[in-house]
Participant: 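Got a structure for you, questions after.
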2 protein chains.
Amino acid sequence: MAALQARLPMRNPVPLQPAPTIETASVIRRVKAGETIYFEGDAATCCYRVVTGFAKEYSILEDGKRQVLDFYGIGEMFGISQSESHLHTAEAITDCTLRCFQRDAWLHAVTASPDLSQKFMNTLMTRLHRSRERLTMLGRMSATARMALFLMRLAEEQNSEQDVRFPMSRQDIGDHLGLTIETVCRILTDMKRRGIITGSTARLFSIPDMDALGLLAHGDASI
Amino acid sequence: MAALQARLPMRNPVPLQPAPTIETASVIRRVKAGETIYFEGDAATCCYRVVTGFAKEYSILEDGKRQVLDFYGIGEMFGISQSESHLHTAEAITDCTLRCFQRDAWLHAVTASPDLSQKFMNTLMTRLHRSRERLTMLGRMSATARMALFLMRLAEEQNSEQDVRFPMSRQDIGDHLGLTIETVCRILTDMKRRGIITGSTARLFSIPDMDALGLLAHGDASI
DNA sequence: CGTTGCTTTGATCGCGATCAACCTAGGTGG
DNA sequence: CCACCTAGGTTGATCGCGATCAAAGCAACG
């Protein structure tokens, strides 16, 4: 209960409800860390839900620049859109177990059931809101403020201010926040120096001073 | 037919289909250019569809910085989310005629009808995609490339490369693209100097060289 | 005509990118 | 078990894009 999002080779602890057909028709796919789940442009025959592990979705520009659009943890759905081909590329960050649904069947099932359709609309609206918060981060917040807000959201998702994990690399964080890997490092180092966060290893940190982090996220560079 | 998005005191030319109850239950609201439609935090009792005019939705940070999240033209729905209060502020750019729906009734009607729910899910997925394209713009594209892509999208929406209108101010464009008003001006001036766009007035322009604009959007600074 | 608000242009500054080493942990083979 | 190798992470020096500060142009309105 403490370690929500406990991410590794451990069965999904939540027993499935008496399965509707769309669940029983689904299959499991396992992908290793770093493997691509689908490429931009691939026929979107399947959509996915994370059973275990952590994944990301990103786009790549002609010049090779990447933008990480979203990260997906346990229970999150991805790979579904209005288009019949995938609009972005998805990749496993840690080893993943994914539940795959036939896109058409899934959309049909959702449209047919008021309950499912309400749930799905809520997911979409929440995700749109998340995307818009990020727009504001990238458009109008300083590098430090972006990083601070990112850390806060990460801690929220993991329900803890202690031993928060970065499943993703520095490069992923940079590509998510519109920063270079060097800037990400420098900001993290600086936050450690100031005692706002502590980190034993590069992928694990704690937030002893959440208030200060909140101030940074709101643009108060001082402290 | 030429001037799609013709925006002013002119009745909606498309006759309404035999109205389902949710349409008949709706009311019309008129707002003047610059008026706020709703503020962030307001109870989200209503959601809206643009009948005539042009509107925007934005968020404001503590330090007064604005991020314009989206623009809405004729036929577009806005002001609906998973939350019971509005998450952002909406404002009329030109004089607007809006169709207002009771949020709860509207959500109920959508959930109940497979047809409506499919349409709404499509709208949400398309909007999420639009938001993600903007994330990529803000995160990884240069000021010039952002501006070029913005102009291309504007021309697409208006179905023309001739006499494309900016309904929004330079400030709005800047706040949308994460740039200052000065940078927006300088880039437009530079594009004019290069003959990629022409503009008689500040709010009206044409794109004689769409290919060059496309190259700029893809980061080819040369030409 | 003067006022007002939007737009444009110019001069300078600073944040974050870029280029270049160096460090560190984890994995591999001898 | 240690020496090596490699990928990811960190730090330093410098550069340049876009922000900021300042002022002038310009169009719509009374």
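Values in this document were obtained by computation on a predicted structure and should not be read as measured data. In the text below, chain A, chain B and the rest are named by the order of the sequence lines, each starting its count at 1.
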Participant: Is there a donor and acceptor pair, one atom on the side chain of A:R186 and one on the base of D:dG12, closer than 3.5 Å?
Facilitator: yes
Participant: Which whole-number value in Å describes the distance from B:I181 CD1 to C:dT9 P?
Facilitator: 13 Å
Participant: Measure from the side chain of A:T180, starting at C-beta and using heavy atoms only, and say which of D:dG18, C:dA17, C:dT8 lies closest.
Facilitator: C:dA17
Participant: So, B:D95 side chain and B:A33 main chain: donor-acceptor pair closer than 3.5 Å or not?
Facilitator: yes
Participant: Which part of the nucleic acid does A:S169 contact within heavy-atom distance under 4.0 Å: base, sugar-phosphate only, or nothing?
Facilitator: sugar-phosphate
Participant: Between D:dT11, D:dT10, D:dT20, spot the one nearest the side chain of A:T189, thanks.
Facilitator: D:dT11
Participant: Check for a donor-acceptor pair, side chain of A:S206 on one end and backbone N or O of A:D163 on the other, with a separation under 3.5 Å.
Facilitator: yes
Participant: Over how many whole Å does the gap from B:M168 atom CE to C:dC6 atom P extend?
Facilitator: 15 Å
Participant: Can you tell which of D:dT11, D:dG18, C:dT9 lies closest to the side chain of B:C185?
Facilitator: C:dT9
Participant: Determine whether any donor atom in the side chain of A:R193 lies under 3.5 Å from an acceptor atom in the base of D:dT10, or the reverse, and answer yes or no.
Facilitator: no
Participant: Expressed as a whole number of angstroms, how long is the span from B:K65:NZ to C:dC15:P?
Facilitator: 11 Å
Participant: Please state how far atom CG in A:L188 lies from atom C1' in D:dT11, giving the value in whole angstrom units.
Facilitator: 14 Å
Participant: Could you check whether A:R66 pairs with A:E57 (Lys NZ or Arg NE/NH1/NH2 to Asp/Glu carboxylate O, under 4.0 Å)?
Facilitator: no
Participant: Using whole Å, what does the distance between atom C1' of nucleotide C:dG16 and atom CG of B:L138 come to?
Facilitator: 16 Å
Participant: Against B:L151, only a single residue in B:V164, B:L213, B:I196 fulfils side-chain contact (heavy atoms from CB on, under 4.5 Å); can you say which?
Facilitator: B:L213
Participant: With a non-hydrogen cut-off below 4.0 angstrom, is B:G34 in contact with a base, only sugar-phosphate, or nothing?
Facilitator: nothing
Participant: Looking at every strand, decide which applies to A:R203 at a 4.0 Å heavy-atom threshold: base, sugar-phosphate, or nothing.
Facilitator: sugar-phosphate
Participant: Round to a whole Å and report the spacing from CG of B:D175 to P of C:dT7.
Facilitator: 12 Å
Participant: Please state how far atom CD1 in B:I187 lies from atom P in C:dT9, giving the value in whole angstrom units.
Facilitator: 13 Å
Participant: Considering heavy-atom distances to DNA chain C, does A:E182 or B:T201 have its closest nucleotide positioned more toward the 5' end?
Facilitator: B:T201
Participant: Do B:R203's NZ or CZ and the ring of B:F205 fall within the cation-pi criteria of under 6.0 Å and 45°?
Facilitator: no
Participant: Please state how far atom CZ in B:F166 lies from atom P in C:dT7, giving the value in whole angstrom units.
Facilitator: 10 Å
